[in-house]
Amino acid sequence: MSGSFQRQVEVGRVVLINYGADAGKLAVIVDIVDHSRALIDGPTTGVKRQAFAYRRLTLTPLVVKDLPRAAGATALKKSLEKNETMAAWNKTAWAQKLANRTQRKNLGDFDRFKLLKFKNQRRAVVGPAVAALKKQQA
């Protein structure tokens, strides 16, 4: 496969929903409806089978291999478990960034204060060390 696009819309492509009630959840393209919509299903993430517009989906680099068109929920679930797709997603930097974002969003006042103090401590150690290295190089 060559060209400028790295991620194609295809059956088995894992997508991240970016709009609506299921925003932030993962689903898999089960079938292609037309040029602007796909049938998605997320049996492990709680997303019901439905037609969804491409503009409300973000394609991830993950693909469930050898998934037949219009596969049922049980077959899809078995394929996800067999390929360990959710574990592969959790290892990506993208998933870790989203997890960090939700974790920070749920911090309380005191936790935010402690984080601020830790950042100040790190800055007090790293800043002079970097300045010393720059001075050494020059």
Side-chain angles (χ1 to χ4, degrees):
M1 175 172 66
S2 65
S4 61
F5 294 108
Q6 300 298 317
R7 301 177 190 157
Q8 265 66 24
V9 175
E10 57 185 315
V11 174
R13 174 71 65 180
V14 179
V15 294
L16 181 69
I17 300 172
N18 58 26
Y19 183 82
D22 293 326
K25 293 183 181 178
L26 288 178
V28 178
I29 295 178
V30 179
D31 203 355
I32 297 170
V33 178
D34 58 16
H35 71 282
S36 63
R37 293 180 301 151
L39 188 66
I40 63 168
D41 194 4
T44 58
T45 57
V47 177
K48 294 183 179 180
R49 183 173 291 234
Q50 57 189 309
F52 228 79
Y54 296 132
R55 68 176 185 266
R56 295 183 175 178
L57 300 173
T58 305
L59 302 176
T60 67
L62 303 173
V63 179
V64 179
K65 297 289 181 192
D66 301 325
L67 186 71
R69 286 183 73 169
T74 55
L76 178 60
K77 194 172 186 178
K78 284 181 184 177
S79 296
L80 287 172
E81 290 170 0
K82 178 183 167 192
N83 293 336
E84 298 176 355
T85 308
M86 300 314 276
W89 166 254
N90 289 331
K91 289 179 186 175
T92 63
W94 189 357
Q96 291 170 358
K97 186 196 305 187
L98 291 176
N100 285 341
R101 192 179 292 167
T102 56
Q103 187 177 6
R104 281 187 159 220
K105 190 170 74 171
N106 294 329
L107 289 178
D109 287 342
F110 187 58
D111 292 326
R112 278 194 296 275
F113 175 74
K114 288 192 295 188
L115 184 64
L116 173 80
K117 289 299 179 183
F118 286 136
K119 285 166 81 175
N120 287 341
Q121 286 176 355
R122 181 180 63 198
R123 199 175 303 120
V125 172
V126 172
V130 169
L133 287 174
K134 282 184 180 179
K135 188 175 184 181
Q136 210 174 39
Q137 294 244 334

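Taking CG from Asp111 and CZ from Arg104, the interatomic distance works out to 11.5 Å, rounded to the nearest 0.5 Å. If you take CG on Leu57 and CD1 on Ile29, they are separated by 6.5 Å, rounding to the nearest 0.5 Å. Expressed to the nearest 0.5 Å, how far NZ of Lys25 lies from CG of Leu16 amounts to 12.0 Å. For the atom pair Leu62 CG and Glu84 CD, the distance stands at 12.5 Å (nearest 0.5 Å).
When hydrophobic clusters are built by joining Ile, Leu, Val, Met, Phe, Trp and Tyr residues whose side-chain heavy atoms come closer than 4.5 Å, directly or via intermediates, Val64 is grouped together with Trp94. Cluster membership check: Val9 does not share its hydrophobic cluster with Leu39, using side-chain heavy-atom separations under 4.5 Å among Ile, Leu, Val, Met, Phe, Trp and Tyr. One hydrophobic cluster, built from ILVMFWY side chains closer than 4.5 Å, cannot hold both Leu98 and Val15; they sit in different ones. A chain of hydrophobic side-chain contacts below 4.5 Å, direct or via other Ile, Leu, Val, Met, Phe, Trp or Tyr residues, connects Ile32 to Ile40. In the hydrophobic cluster analysis, where Ile, Leu, Val, Met, Phe, Trp and Tyr join through side-chain heavy atoms closer than 4.5 angstrom, Ile17 is grouped together with Leu59.
Annotation for Lys77: atom NZ does not count as buried by contact number, only 12 or fewer foreign heavy atoms lying within 6.0 Å. Counting heavy atoms of neighbouring residues, nucleotides and ligands inside a 6.0 Å radius, atom CZ of Arg112 exceeds 12 of them. No more than 12 heavy atoms of other residues, nucleotides or ligands shown are found within 6.0 angstrom of CG on Asp66.
The main-chain N or O of Thr60 is found under 3.5 Å from a side-chain atom of Arg13 such that the two form a donor-acceptor pair.
When all heavy atoms of Ala95 and Trp89 are compared, the pair lying nearest together is CB-O, 3.0 Å. Closest of all the heavy-atom pairs between Tyr54 and Arg37 is OH-O, 3.1 Å. Between Ala73 and Pro43 the shortest heavy-atom distance is O-CG, 3.9 Å. When every heavy atom of Ala27 is checked against every heavy atom of Val47, the shortest pair comes out as CB-CG1, 4.3 Å. Scanning all heavy atoms of the two residues, the minimum distance from Ala23 to Asn18 falls at CB-C, 4.1 Å.
You'll find the side chain of Val11 stays beyond 4.5 Å of the side chain of Val30, heavy atoms only. The side-chain heavy atoms of Lys48 and Asp22, taken from C-beta on, include no pair separated by under 4.5 Å. For the pair Lys114/Lys117, no side-chain contact is recorded, criterion being any heavy-atom separation below 4.5 Å from C-beta on.
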